[in-house]
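Working notes for the structure below.
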Amino acid sequence: MPRPNHPIVQQFMDAWVTPTGFSGPGVEFRMRMTARCLPIWNGATARAVKGGEADRRLTGDDWKMERALAGYALEGPQMSIKQMSTQLLSVPIDQQARYIDLQRMRARQIWDEVKHGQLNADVLLRAGRIKREDDLMASVEANAQDNLAYFGLTSMFAHLHPLARAAQNYFVEAIACLGITATLAAVDDPLIRHQMKSQEAEELMHFMKGKYQLDAYCLTAEEQRPVEEAFDFLLKPWATTMNPAFGARREGSA
Amino acid sequence: MKVRIADAHCIACGLCREACPEGAVHPRMQDIHHRFEVLSHECTGCAVCLPYCPVPPALVQYDIATA
């Protein structure tokens with residue numbers, strides 16, 4: 001018997017995962033992939049709740065700075081442009097017309113991700129930790145991150161199919177949504193809430209974009225295979241680390 | 001003199017934020033539209049931002065004595 005979902009995950013399932021405007025093989029495929037994602041989504045949510053509650057007990061600003069620096073490394077201009085460029089470049093010129101709706105959403109997400117980077121920088125600016133965003137270029141924490149190579153250009157070559165990135169949108173952006181919900185439930189700091197509330201709806205749009213791609217485009221075995229391969233990669237046991245920006249903490253740290 | 005943003009005209013492009021040497025332009029708190037605000041206590045009134053605004057009425061100079 002499957003374990004019950006974390007309440008935050010169940011709420012997310014009921015509101016955003018289960019309702020669908022389509023029917024057929026794409027939806028069936030998505031729900032099969034959802035069952036694979038759920039253990040990770042539940043674990044990540046539980047860790048985010050724990051991290052938020054631990055942060056709430058801390059005094060001083062250092063925990064906020066850790067979150068903001070990690071968030072900048074995850075969503076700042078370098079990562080945003082690399083990550084989103086790989087999505088746009090996965091569609092060959094001769095297939096642009098077929099996937100023009102997805103390309104438009106991917107272009108929009110570049111703007112979103114850059115704004116999210118700005119928000120993380122703004123936490124540091126408003127807290128007086130930096131004078132200008134340029135200062136972050138000298139920070140290791142703001143530039144180094146331990147997320148998968150999948151989010152950089154390197155893995156583009158392994159996942160070139162125009163639909164492969166649907167797995168990333170669906171699996172990873174759900175973790176962002178769940179992490180934000182979990183953190184907002186625990187943390188009342190105005191700067192952290194500012195950074196998260198300002199981007200919350202866009203993270204959901206990125207997830208829904210994955211849902212749309214799976215429901216509407218992954219209709220045949222040929223279309224599903226490259227997406228499932230991307231899920232296989234993202235769901236490897238060693239692959240999931242949750243960035244401190246969304247509430248995770250390294251083992252052994254606070 | 002200081003600068004403020006007129007929401008009716010601002011397109012939230014963020015160029016003023018990039019140009020401001022004081023880092024006085026910030027994303028507005030908890031704004032899902034990502035509009036910006038100039039923190040008056042950080043603005044020195046240098047006006048470096050003004051020539052970069054693509055919608056000039058969006059950046060308004062004001063006199064702090066009469067504001």
Side-chain angles (χ1 to χ4, degrees), chain A residues 64 68 71-72 75-77 80-81 107-139 142 176-177 180-181 183-184 187-206 208, chain B:
Chain A
K64 282 187 278 185
Y72 194 81
E75 302 189 280
S80 301
I81 291 167
R108 154 71 199 233
Q109 195 179 342
I110 292 181
W111 190 87
D112 295 347
E113 300 293 354
V114 171
K115 291 291 180 182
H116 301 173
Q118 278 185 352
L119 288 166
N120 282 290
D122 200 51
V123 171
L124 298 156
L125 287 160
R126 285 183 186 264
R129 291 296 181 105
I130 55 172
K131 175 71 176 167
R132 288 182 53 83
E133 187 176 338
D134 319 18
D135 298 346
L136 293 176
M137 291 301 104
S139 163
C177 294
I180 286 175
T181 303
T183 304
L184 286 173
V187 173
D188 57 6
D189 179 82
L191 281 180
I192 295 297
R193 295 189 72 81
H194 158 52
Q195 177 254 315
M196 292 199 158
K197 292 295 284 183
S198 301
Q199 70 181 65
E200 188 179 22
E202 284 160 356
E203 301 294 2
L204 184 58
M205 178 268 180
H206 304 158
M208 299 298 263
Chain B
M1 298 288 279
K2 288 183 184 282
V3 173
R4 65 176 173 82
I5 294 173
D7 282 346
H9 299 283
C10 177
I11 59 168
C13 71
L15 264 173
C16 55
R17 174 186 180 271
E18 306 305 331
C20 176
E22 302 301 323
V25 184
H26 296 264
R28 189 169 298 180
M29 295 290 274
Q30 298 192 24
D31 182 1
I32 61 170
H33 301 294
H34 302 302
R35 286 171 296 192
F36 292 90
E37 63 182 345
V38 182
L39 296 188
S40 59
H41 65 277
E42 293 182 357
C43 177
T44 61
C46 69
V48 166
C49 54
L50 295 179
Y52 296 98
C53 179
V55 192
L59 288 181
V60 180
Q61 276 189 301
Y62 66 97
D63 190 336
I64 48 173
T66 58

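Letters go in sequence order (proteins before strands), and every chain restarts at 1. What you are looking at is a predicted structure, and each value in this text was computed from that prediction instead of being measured.
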Can you confirm whether [X] sits close enough to [Y] that some side-chain heavy atom of one is under 4.5 Å from a side-chain heavy atom of the other?
X	Y	value
A:Asp122	B:Arg17	no
A:His194	B:Asp31	no
A:Met196	B:Gln30	no

Legend entry - Short side-chain to backbone donor-acceptor contact, A:Arg132 and B:Cys20, under 3.5 Å: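 Side chain of A:Arg132 to backbone of B:Cys20, a donor-acceptor pair under 3.5 Å: yes, one is there.
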Legend entry - Per-residue contact mode, A:Glu133 against chain B (heavy atom under 4.5 angstrom):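 For A:Glu133, the side chain is the part near chain B, not the backbone.
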Legend entry - Top contributor to chain B contacts, counting heavy-atom pairs under 4.5 Å, from A:Arg193, A:Lys115, A:Glu202, A:Glu200: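 Ranked by contacts with chain B, first place is A:Lys115.
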Inset, instruction - Measure across A:Ser198 and B:Arg28 and return the closest heavy-atom pair with its distance rounded to 0.1 Å. - result: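 Closest approach of A:Ser198 to B:Arg28, heavy atoms only: OG-O, 4.3 Å.
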Legend entry - Reported CD-to-NE2 distance for the pair A:Gln118 and B:His34, which is rounded to 0.5 angstrom: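 Taking CD in A:Gln118 and NE2 in B:His34, the distance rounds to 8.5 Å.
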